[in-house]
Peer 1: 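One structure is given below, represented as structure tokens, and several questions about it will come after.
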Amino acid sequence: MSGARGPGPRRAPHGIRRLVADHAIDTRPLAQPVFRRLFIGQGTSFVGSMLTEVAVPVQVYRISHSSFYVGMVGFAGLLPLIVFGLYGGAIADAVDRRTLYLWSSLGTWAVTLALLAQTVLGVRSVGLILALVAVQSAGFAMASSARGAIVPRIVEPELIPAANTLNYVVGTVGQVIAPLIAGVLVTLPHGFAYAYGADAALFTAALYSTLRLPKLPPDRAAARLGLRSVREGLSFIGGRPVLVMSFFVDICAMMLAMPRSLFPAVADARFDGSVGLLYAAIPIGSVLAGFASGWIGRIRRQGVVLTGAVLVWGGAIGVSGLARQLWLVVLLLAVAGAADLVSAVLRQTLLQTYAPDEMRGRMQGVHTVVVAGGPRLGDLRAGTMSAALGPATAWAFGGFACLAIVALAAPLVRPFWTYEAAAPPRKTPAPAEVGA
């Protein structure tokens, strides 16, 4: 009988096609309009923010001719980052997250316009620039707390790892591209104005995507604002070894094994000053790993795999500190960058799925403080140790210390070591279509 037939069961891919399908980056969250707009807005604004991140210290040095004041750029943003990261997370659990994200984004945009204005007017005040950096850091901390808590509300639970991977990859691409663009801009007449102006223009995409978000009020009774709310968030983390350990391994990775402040000295000593590849290697490794990250969303033993990723990071950093060939150092740093992508996605996913929605803002606030503050502490550790023992020793020691500490500590915390993510549901509603 030759009647019409339905499509029948879908044939599973096999061979190379199956391998690609299993490991290629999972782009399913981009099919949801709300997440897609947020992704595009975040990606374009991140390129702009990196232009400013490069332009500010260069401008400070051009004005002051002092490395001390350049170092103060990072320090000026540290305290606001901690305070507003923690308190911004508490606010994100008490108010509509769309509203918080919008107003904090408008604040950072206004600071970029102020940086543009002081450049065009020729103010040449290091103190003013540092003050603007501090305000911008506060806005960034609050926006990051809100944004991280928004993602689980606009994608299905099984797509959260894929959404985090996409966000991390686009941010890392910005870390590769934007410094190259900024490096050209700041050499031009009025180059700082071009950099700040480009940042302000690109940021409008983020503002548009935020305006198009649906309302995102607290799921349950809103948390009360105040220090008590912050303490409740910290107590929530302190009583859950899975969360404590996820933050601990990240602090070890960044504080002990982040070698970026040693790149200039090692490049001068070993590679005739060729420092560009050293700075680019880690983000390039993360980007390449991101394009083959489809398997991350299927991980169940998240504690074990997260530990393994940090061990690879520490080991690759340690060995790269001993290597004498530039190509080998770059390769090992790229391996470390690939491991860092896996670690970052798993940590973010664990936070977003382990904590209930009414705590997610505060979890993201702490996450912002650790992720942004950890590398700053790593720079301090590396610089101090380098002054005493030399840059090569400081570089290699940090990586191997991270490897040893995490390898010993992680298996001892049984709830973390045995933690398994819940299997994704077979079918879930698509909340991202609301307000699309």
Peer 1: Determine whether a donor-acceptor pair (N or O, by modelled atom type, separation under 3.5 Å) exists between the side chain of Thr204 and the backbone of Ala201.
Peer 2: yes

Peer 1: With distance as the sole test, does Asp93 use its side chain to make a donor-acceptor pair with the main-chain N or O of Arg362 at under 3.5 Å?
Peer 2: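 Yes; judged by distance alone, with no hydrogens or angles, the pair exists.
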
Peer 1: Side-chain donor-acceptor contacts of residues 319-326 below 3.5 Å, not counting sequence neighbours, with atom names and distances?
Peer 2:
| residue | atom | partner | partner atom | Å |
| --- | --- | --- | --- | --- |
| Ser320 | OG | Ala316 | O | 3.2 |
| Ser320 | OG | Ile317 | O | 2.7 |
| Ser320 | OG | Trp395 | NE1 | 3.0 |

Peer 1: Does any donor atom in the side chain of Gln59 or Tyr196 lie under 3.5 Å from an acceptor atom in the other side chain?
Peer 2: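 Short answer, yes.
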
Peer 1: Does any donor atom in the side chain of Ser286 or Asp340 lie under 3.5 Å from an acceptor atom in the other side chain?
Peer 2: no

Peer 1: Is the backbone of Phe46 close enough, under 3.5 Å, to the side chain of Ser49 for a donor and an acceptor to pair up by distance?
Peer 2: yes

Peer 1: Between the side chain of Trp109 and the main-chain N/O of Ala200, is any donor-acceptor distance below 3.5 Å?
Peer 2: yes

Peer 1: Do any N or O atoms from the side chain of Arg212 and from the backbone of Pro33 form a donor-acceptor pair under 3.5 angstrom?
Peer 2: no

Peer 1: Tell me which one of Leu213, Leu211, Asp96 satisfies side chain to side chain contact (heavy atoms under 4.5 Å, CB included) with Leu102.
Peer 2: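 Between Leu102 and the candidates, side chain to side chain contact (heavy atoms under 4.5 Å, CB included) is satisfied uniquely by Leu211.
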
Peer 1: When you measure from the centre of the six-membered ring of Phe236, is the NZ or CZ of Arg240 closer than 6.0 Å and no more than 45° off the axis?
Peer 2: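 Flagged: Arg240 positioned over aromatic ring of Phe236.
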
Peer 1: With rounding to the nearest 0.5 Å, note down the distance linking CZ in Phe35 to CG in Leu30.
Peer 2: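 CG of Leu30 is found 6.0 Å from CZ of Phe35.
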
Peer 1: Please confirm whether the backbone N or O of Ile150 pairs with a side-chain atom of Arg97, one donor and one acceptor, at under 3.5 Å?
Peer 2: no

Peer 1: May I have the list of side-chain donor-acceptor pairs in residues 134-149 shorter than 3.5 Å, sequence neighbours left out?
Peer 2:
| residue | atom | partner | partner atom | Å |
| --- | --- | --- | --- | --- |
| Gln136 | NE2 | Thr112 | OG1 | 3.3 |
| Ser137 | OG | Gly77 | O | 2.6 |
| Ser144 | OG | Phe140 | O | 2.9 |
| Ser145 | OG | Gly85 | O | 3.4 |
| Ser145 | OG | Ala141 | O | 2.9 |

Peer 1: With no hydrogens and no angle check, is any side-chain donor or acceptor of Ser246 less than 3.5 Å from a backbone partner on Leu243?
Peer 2: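 Flag set: sc Ser246 to bb Leu243 pair under 3.5 Å.
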
Peer 1: If we ignore angles and hydrogens, is there a donor and acceptor under 3.5 Å between the side chains of Asn164 and Gln352?
Peer 2: yes

Peer 1: Mark yes or no for whether Arg381, through its side chain, and Ala394, through its backbone, hold a donor-acceptor pair below 3.5 Å.
Peer 2: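 Side chain of Arg381 to backbone of Ala394: a pair is present.
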
Peer 1: Please list all pairs meeting side chain to side chain donor-acceptor pair (under 3.5 Å) that have one or both residues in residues 178-187, counting only residues at least two apart or in different chains.
Peer 2: none

Peer 1: Is a side-chain N or O of Gln42 found less than 3.5 angstrom from the main chain of Phe39, in a donor-acceptor match?
Peer 2: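 No, the answer is negative, given that no donor and acceptor are paired below the 3.5 Å cut-off.
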
Peer 1: Got a donor-acceptor contact below 3.5 angstrom from the Ser343 side chain to the Ala339 backbone?
Peer 2: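 Checked: no pair found.
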
